[in-house]
Each structure stands twice: as structure tokens, then as C-alpha cells.
Amino acid sequence: MFDLGGAGEGLAGEGGLAEDAPPAFLKVEAAGADGNEDVQVSVGCTSTHPRWAALAAPDSTHTTYERELPTRHNNAVLAVLRGLARVPGTDAMRQLTVQGDDRPLWRDHDRFRDALAALVARAAARHGAALAANVPDFDAGVQRTQKALRSLPDAPVTVIHGDLVPPNIHTDAAGQPVAVLDFGFYTTAGDPAFEAAVTASIWDMYGPHAEEHATELTALFARELGYAPATLATYQAAYALTTYDLFGLDDRDGHFRWCAQQLLRNSVFSA
């Protein structure tokens with residue numbers, strides 16, 4: 001368990017960068033003896049948990065949709081991103097595999113950007129022909145993404161959740177985050193900008209305003225967290241290239257279709 005202490009202290013304010021020393025109330029505990037059990041990040045929880053409510057965002061299961069993302073949702077996810085960015089990456093995190101791959105992400109690599117570029121190559125080799133049938137200039141786009149990844153500046157190495165969607169962030173009645181659930185899909189150690197980039201993309205994947213929401217969240221995270229827009233775009237392309245085949249191999253699958261659409265409009269992949 002990653003325990004981030006009392007009442008969200010230190011999360012919603014400025015800072016929270018990995019080069020800052022972790023706050024005194026933050027401690028990291030092993031998930032289990034084999035390191036493979038579920039991990040929970042709890043914020044401000046006591047032994048008696050408040051009643052939790054999962055954040056809600058428009059998706060394909062809702063019958064009504066909001067054009068504007070609620071401010072309280074933005075504040076909650078910013079607090080979580082700031083909090084996770086203060087949890088240093090560990091050797092155990094580097095030994096994790098991400099879904100769809102068969103080797104630890106960091107094996108044979110000392111830098112996250114190089115590890116991710118190698119994962120892009122492995123993922124493209126798995127079923128890239130299926131994605132290429134839906135994405136013009138696919139091979140060149142993969143090469144552009146790998147080049148952009150390897151050109152990224154050095155960055156802190158922190159815990160990466162990898163699947164921060166509304167059901168995985170629980171809040172109290174005041175809208176303060178109290179828990180982050182469901183680690184494992186893309187959990188690793190890496191650049192906290194990767195977490196922000198992926199979160200902006202997947203927060204609302206299938207709603208009628210999904211593209212607008214992704215654009216707005218990407219801009220919000222760049223502004224509030226200080227990440228370069230080009231870095232966020234590079235990581236968003238990498239995420240699509242490394243998860244496209246996890247649930248299906250043609251446009252009948254929603255995630256495959258979403259990844260193809262992400263690449264078609266990504267400024268790094270489609271430059």
C-alpha cells in the first residue's frame with residue numbers, strides 16, 4: 001500500500017515534483033511478499049474509511065452527458081497526479097510487466113524513455129499489421145514516436161498507476177480523493193508526465209465529447225503540472241501503440257478503434 005497520509009495534505013497545493021523530498025507523512029509499503037498483489041494508494045484515510053464515491057465521467061454507459069468536466073473532478077485528479085508524482089519509483093516497480101507484454105518493462109534499460117521506446121517496438125511487432133490497416137503511414141509513425149521518446153529530457157522516476165479513470169479514484173463527500181484503486185494494467189516506475197498524458201487521454205474514452213475532454217485535460221495538466229505539451233503528446237502516442245491489441249484486433253473492438261483514432265490525430269505520430 002502507498003499511504004499518502006492525512007486529508008490530502010500536500011497534494012492539492014503547488015509542487016509535488018519528484019525532486020522534492022517525499023513529505024514526512026508519506027510511506028511506501030510492499031504490496032506483498034511476491035510483489036504481485038493489488039496495490040492501493042490511500043489519501044487521508046483513517047481506520048474507519050469515509051463513505052467513498054467513485055468519480056463519474058461521461059462514457060458509453062451513460063444516457064446523459066456533460067460538456068464541461070466538473071471542476072471538482074479536475075481538482076481531484078490533479079491532487080492524485082501530484083501525490084503519485086511524489087512516490088519514488090522502486091526496483092520492484094521496475095520489475096513489473098505491463099499488460100500484453102511478457103518481460104519487465106525496464107529490463108536492459110536504465111531510462112524510462114528507452115524502456116518505453118523498446119516496448120513500442122515489441123507491441124508494433126505483435127500485431128502491427130492490424131493497426132496499419134486502419135492507420136496510414138503506420139511504420140513511419142512508429143519510428144517518429146520512438147525517436148520522440150528517445151529524445152525526451154531526463155525526468156524523475158516515480159510510481160505509475162497507468163489506468164487513472166474515474167471509477168479508480170474514490171472521493172469523500174467534499175470531493176477530496178481518499179483512495180486510488182486497481183493498479184496493475186500499466187503499473188510501473190516512470191516519468192510522472194506519462195501518468196498525466198495517459199490520464200488526459202483515457203479519462204473519458206467513449207463519450208460524445210471525449211476528444212474535447214482529452215484536449216482540455218492535456219492542456220490543464222501541462223499548465224498546472226508544468227509538463228511540455230510535446231512530451232504529453234509523445235506519451236499519448238506511446239500508450240496507444242502499446243495497448244491497441246489488448247482486447248481485439250480490428251475496429252469492432254472499442255479500445256482498438258480508440259487507439260487508431262488517437263494515433264490519427266496525434267501530433268507526434270502523424271507529424
Exercise: identify the closest heavy-atom pair between [X] and [Y]:
{"X": "D204", "Y": "A210", "answer": "O-CB, 3.1 Å"}
{"X": "E195", "Y": "V159", "answer": "OE1-O, 4.0 Å"}
{"X": "Y227", "Y": "A85", "answer": "OH-CB, 4.5 Å"}
{"X": "S270", "Y": "R265", "answer": "OG-N, 4.5 Å"}
{"X": "N134", "Y": "A260", "answer": "CB-CB, 4.4 Å"}
{"X": "G162", "Y": "I202", "answer": "O-CD1, 4.4 Å"}

Group every Ile, Leu, Val, Met, Phe, Trp and Tyr by side-chain heavy-atom contacts under 4.5 Å, then state whether W203 and L225 land in the same group.
yes
Under a single-linkage definition using a 4.5 Å side-chain heavy-atom cutoff for Ile, Leu, Val, Met, Phe, Trp and Tyr, are V142 and L249 assigned to the same hydrophobic cluster?
no
Restricting to side-chain contact (heavy atoms from CB on, under 4.5 Å), what partner residues turn up for N266, sequence neighbours left out?
A233, Q236, A237, V268, F269
With sequence neighbours left out, the residues meeting side-chain contact (heavy atoms from CB on, under 4.5 Å) with A118 are H109, R122
Inter-residue atom distance [X].[atom1] - [Y].[atom2], 0.5 Å rounding:
{"X": "E216", "Y": "H209", "atom1": "CD", "atom2": "NE2", "result": "10.0 Å"}
{"X": "D114", "Y": "R111", "atom1": "CG", "atom2": "CZ", "result": "4.0 Å"}
{"X": "T188", "Y": "L105", "atom1": "OG1", "atom2": "CG", "result": "4.5 Å"}
{"X": "R150", "Y": "T145", "atom1": "CZ", "atom2": "OG1", "result": "11.0 Å"}
{"X": "L181", "Y": "I169", "atom1": "CG", "atom2": "CD1", "result": "9.5 Å"}
{"X": "D101", "Y": "T243", "atom1": "CG", "atom2": "OG1", "result": "12.5 Å"}

Just checking F112 against F194, ring centres under 6.0 Å apart?
yes
Tell me, with the steps shown, if R144 and D137 meet salt bridge (Lys or Arg N to Asp or Glu O under 4.0 Å).
CA-CA 11 Å; R144 283 190 291 268; D137 202 24; 3.2 Å; yes
Run the side-chain contact (heavy atoms from CB on, under 4.5 Å) check on D163 and D182 step by step: do they pass?
CA-CA 8 Å; D163 195 24; D182 202 15; 4.3 Å; yes
Just to verify, what does D251 make a side-chain hydrogen bond (donor to acceptor under 3.5 Å, both in side chains) with, not counting sequence neighbours?
none
Checking Y235 against S201: is there a side-chain donor and acceptor pair closer than 3.5 Å?
no
Hydrogens and angles aside, do T187 and H161 bring a side-chain donor and acceptor to less than 3.5 Å of each other?
no
When you measure from the side chain of [X] to the backbone N and O of [Y], does any donor-acceptor pair fall under 3.5 Å?
{"X": "W106", "Y": "M93", "answer": "no"}
{"X": "R103", "Y": "R107", "answer": "yes"}
{"X": "R113", "Y": "L152", "answer": "yes"}
{"X": "Q262", "Y": "A240", "answer": "no"}
{"X": "Y244", "Y": "H127", "answer": "yes"}

Using the side-chain contact (heavy atoms from CB on, under 4.5 Å) rule, take V77 and F221 through it: C-alpha gap first, then chi angles, then the decisive distance, then the call.
CA-CA 10 Å; V77 73; F221 298 161; 3.9 Å; yes
Please report the C-alpha distance between F138 and L131 in whole Å, then the side-chain angles of each, then the deciding distance to 0.1 Å, and finally whether the side-chain contact (heavy atoms from CB on, under 4.5 Å) criterion is met.
CA-CA 8 Å; F138 176 76; L131 195 53; 3.5 Å; yes
Quick one: which of L69, T199, L232 gives a side-chain contact (heavy atoms from CB on, under 4.5 Å) with L217?
L69
Should the pair D250-R257 be classified as a salt bridge under the 4.0 Å nitrogen-to-oxygen rule?
no
What I want to find out is whether R126 reaches D102 closely enough, with some N-O distance under 4.0 Å, to be called a salt bridge.
no
Using side-chain heavy atoms (C-beta onward) and a distance below 4.5 Å, is [X] in contact with [Y]?
{"X": "Q176", "Y": "T171", "value": "no"}
{"X": "W258", "Y": "Y206", "value": "yes"}
{"X": "L241", "Y": "L119", "value": "no"}

Evaluate the side-chain contact (heavy atoms from CB on, under 4.5 Å) criterion for residues L246 and Q99: first the C-alpha distance (whole Å), next the side-chain angles of each, then the deciding distance (0.1 Å), finally the verdict.
CA-CA 8 Å; L246 298 184; Q99 189 161 329; 4.2 Å; yes
Please state whether the rings of H255 and Y239 are parallel, tilted or perpendicular, taking 30° and 60° as the class boundaries.
perpendicular
